[in-house]
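What follows is one structure encoded as structure tokens, with my remarks underneath.
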Amino acid sequence: MKPVRSSETHHTARQRDAEEVAHSSEAITSSIEELGGNTVLHAEPDSSDEEEVDLNALLSGLNLASAGAQEAKRQPLLDSFDLKGVAERIKSGKAKRILCMCGAGLSVSAGIPDFRTPGTGLYSNLQKFDLPYPEAVFEINYFKRNPAPFFMLAKELFPGTFQPTPAHFFMKLLHDKGLLLRCFTQNIDSLENQAGLNKEQIVAAHGNFDKGLVKPDIVFFGESLPARFFQYMATDFSKADLLIVMGTSLTVQPFASLIDKVRSDVPRVLINREKVGEADPELKRLGMEHGFNFGEGNYRDVLHLGNCDDGTQELCKLLGWTEDLQKLIKETKTAEHEAHNPITKSPSAL
């Protein structure tokens, strides 16, 4: 047999490589289809692990581009991205299972400070307790070592000291009209219950004071959230057809992430003094949907800057519910006053 020269060996190797490349090209037949802004790559499977990895990377990149295109081309879910658009959706009957998410801003007008407002927020006012840092008052380990600061704070926040706000009564009005699916609240002041919502309608993510002050039934930093929170998180957010978020900074997890638990076809409303919970720009660029989108490509999110009372009262006005809200507030306050001040009839009236 004639020996093969080195140059021939290299030529044969190059020819074999070319044939393998040609084979791979034929194996991967791609067609880009534009279906409603979705770009899909179709490819025949290949036995090469290396090629499979490359194909998966390519598919991943195309899926990201597809997500971005889909976001840009989605049809708006509201006639307008304001409270008027929200009111129209409710009046049309498309919002029948409304979820509310509430934070400390909901109770500010009741006289309870929020947590983070500089100068007036709860954390600013806690300096008098000589804490190592403001959040320590709600940390379980610090509470076990020195419970006095928490008890001093709890005395000021204990139920009965404050009255519900119009925003609290707005949620009760939603319930009375058969539209409230649930209220998820970060607040521990129990004002939702005082406004007339029963415990079944409320998920107190951080607990409340209902079980007294020996060890209040609230969730400290370092403790797990109640099982009820995760139970209803798993069921309610997939059912909801409108999400209303009020008075929260959306900085504490896992509560903050709840805004992403509703379906993509559900409008979301933020009534707050400042814009919060927006999508990270880098994640948004990659087509990943996390957080609110009040800018380009928005198709469902409404931002109403202002306090919760003004926002909910404006929404009631647009819905034609102003008299209903005022009547509910008056009746609830009258009933509470009578409960705390029973009229004792004189003997002559008997």
Side-chain angles (χ1 to χ4, degrees), residues 36-37 67-103 105-106 167 170-171 173-175 177-185 201 203 232-250 255-280 283-284 287-308 310-321 325:
Q70 186 177 22
E71 173 76 13
K73 293 189 176 184
R74 278 177 172 155
Q75 294 299 312
L77 296 178
L78 301 167
D79 294 334
S80 59
F81 297 112
D82 53 18
L83 293 184
K84 182 179 179 181
V86 177
E88 290 300 323
R89 189 165 183 93
I90 295 175
K91 287 193 290 186
S92 72
K94 293 180 180 178
K96 299 178 180 179
R97 297 181 299 277
I98 301 174
L99 271 182
C100 291
M101 289 174 56
C102 313
L106 195 75
F170 166 73
M171 293 189 293
L173 187 59
L174 286 177
H175 169 66
K177 292 182 177 293
L179 299 176
L180 182 69
L181 177 57
R182 203 89 56 193
C183 164
F184 281 70
T185 180
Q201 278 103 45
V203 174
Y232 284 104
M233 178 187 75
T235 58
D236 287 351
F237 283 80
S238 61
K239 297 177 183 177
D241 48 27
L242 178 64
L243 176 66
I244 300 178
V245 183
M246 299 181 284
T248 172
S249 62
L250 291 178
F255 189 89
S257 66
L258 293 180
I259 63 172
D260 295 315
K261 300 296 183 183
V262 293
R263 302 186 312 273
S264 60
D265 62 344
V266 174
R268 304 180 297 187
V269 187
L270 174 65
I271 301 175
N272 212 45
R273 287 183 174 179
E274 58 184 359
K275 191 186 300 184
V276 298
E278 287 188 284
D280 180 270
L283 293 177
K284 183 179 176 182
M288 301 174 67
E289 296 185 46
H290 293 282
F292 291 120
N293 177 15
F294 301 119
E296 184 179 356
N298 177 25
Y299 70 99
R300 63 167 174 164
D301 292 337
V302 171
L303 172 64
H304 181 85
L305 292 177
N307 65 58
C308 299
D310 290 346
T312 51
Q313 287 175 317
E314 175 64 19
L315 186 52
C316 282
K317 179 180 178 181
L318 293 166
L319 287 164
W321 295 355
L325 181 64

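Only a predicted model underlies this, so the values are computations on that prediction, with no experimental measurement involved.
- At most 12 heavy atoms of other shown residues, nucleotides or ligands fall within 6.0 angstrom of atom CG in D79.
- In this structure K91 satisfies the salt bridge (charged side-chain N to carboxylate O under 4.0 Å, His left out) test together with E88, sequence neighbours excluded.
- When side chains are defined from C-beta on, V266 does not count as touching F237, because their heavy atoms never get closer than 4.5 Å.
- With values rounded to the nearest 0.5 angstrom, K239 atom NZ is found 9.0 Å from R97 atom CZ.
- Between F170 and C316, the shortest heavy-atom contact is CD1-SG, 3.6 Å.
- Interatomic distance, M246 CE to L270 CG, rounded to the nearest 0.5 Å: 10.5 Å.
- The pair D260-R268 counts as a salt bridge, with a side-chain nitrogen and a carboxylate oxygen less than 4.0 angstrom apart.
- You'll find the side chain of Y232 reaches within 4.5 Å of the side chain of F184, heavy atoms only.
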Legend entry - Derivation of the side-chain contact (heavy atoms from CB on, under 4.5 Å) call for F292 and L303: CA-CA 9 Å; F292 291 120; L303 172 64; over 6 Å; no

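- Looking only at side-chain heavy atoms (C-beta outward), V276 and T248 stay at 4.5 Å or farther from each other.
- The two atoms that bring V262 and A240 nearest to each other are CG1-CB, 4.3 Å, heavy atoms only.
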Inset, instruction - Take H304 and V269 through the test side-chain contact (heavy atoms from CB on, under 4.5 Å) and record every step on the way to the result. - result: CA-CA 8 Å; H304 181 85; V269 187; 5.6 Å; no

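- Across R89 and D265, no two heavy atoms sit closer than the pair NH2-O, 4.2 Å.
- Interatomic distance, CD1 of I244 versus SG of C308, reported as 11.0 Å (0.5 Å rounding).
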Inset, instruction - Let me see the working for L83 and K317 under side-chain contact (heavy atoms from CB on, under 4.5 Å), right down to the final yes or no. - result: CA-CA 10 Å; L83 293 184; K317 179 180 178 181; over 6 Å; no

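- When every heavy atom of D301 is checked against every heavy atom of G291, the shortest pair comes out as OD2-O, 4.4 Å.
- When all heavy atoms of R182 and D236 are compared, the pair lying nearest together is NE-OD2, 2.7 Å.
- The structure places NE2 of H290 at 10.0 Å from OG of S257, a figure rounded to the nearest 0.5 Å.
- Open room surrounds NZ on K94; 12 or fewer heavy atoms of other groups in view lie less than 6.0 Å from it.
- Put simply, the side chain of R273 never gets that close to the backbone of N307: no donor and acceptor are under 3.5 Å apart.
- Under 4.0 Å is where a charged nitrogen must lie from a carboxylate oxygen, and between D82 and K84 no such pair does.
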Inset, instruction - Go through L242 and V86 one step at a time and tell me if the side-chain contact (heavy atoms from CB on, under 4.5 Å) criterion holds. - result: CA-CA 9 Å; L242 178 64; V86 177; 4.1 Å; yes

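- At least one side-chain heavy atom of L180 sits less than 4.5 Å from a side-chain heavy atom of C100.
- Separating the CD1 atom in I90 from the CG atom in L315 is a distance of 5.0 Å, to the nearest 0.5 Å.
- Taking CE of M171 as the reference point, atom OG1 of T185 lies at 6.5 Å (rounded to 0.5 Å).
- Proximity of L243 to I259: side-chain heavy atoms (C-beta onward) are separated by under 4.5 Å at one or more points.
- Of all non-hydrogen atoms in S264 and Y299, the two that sit nearest each other are O-OH, 2.6 Å.
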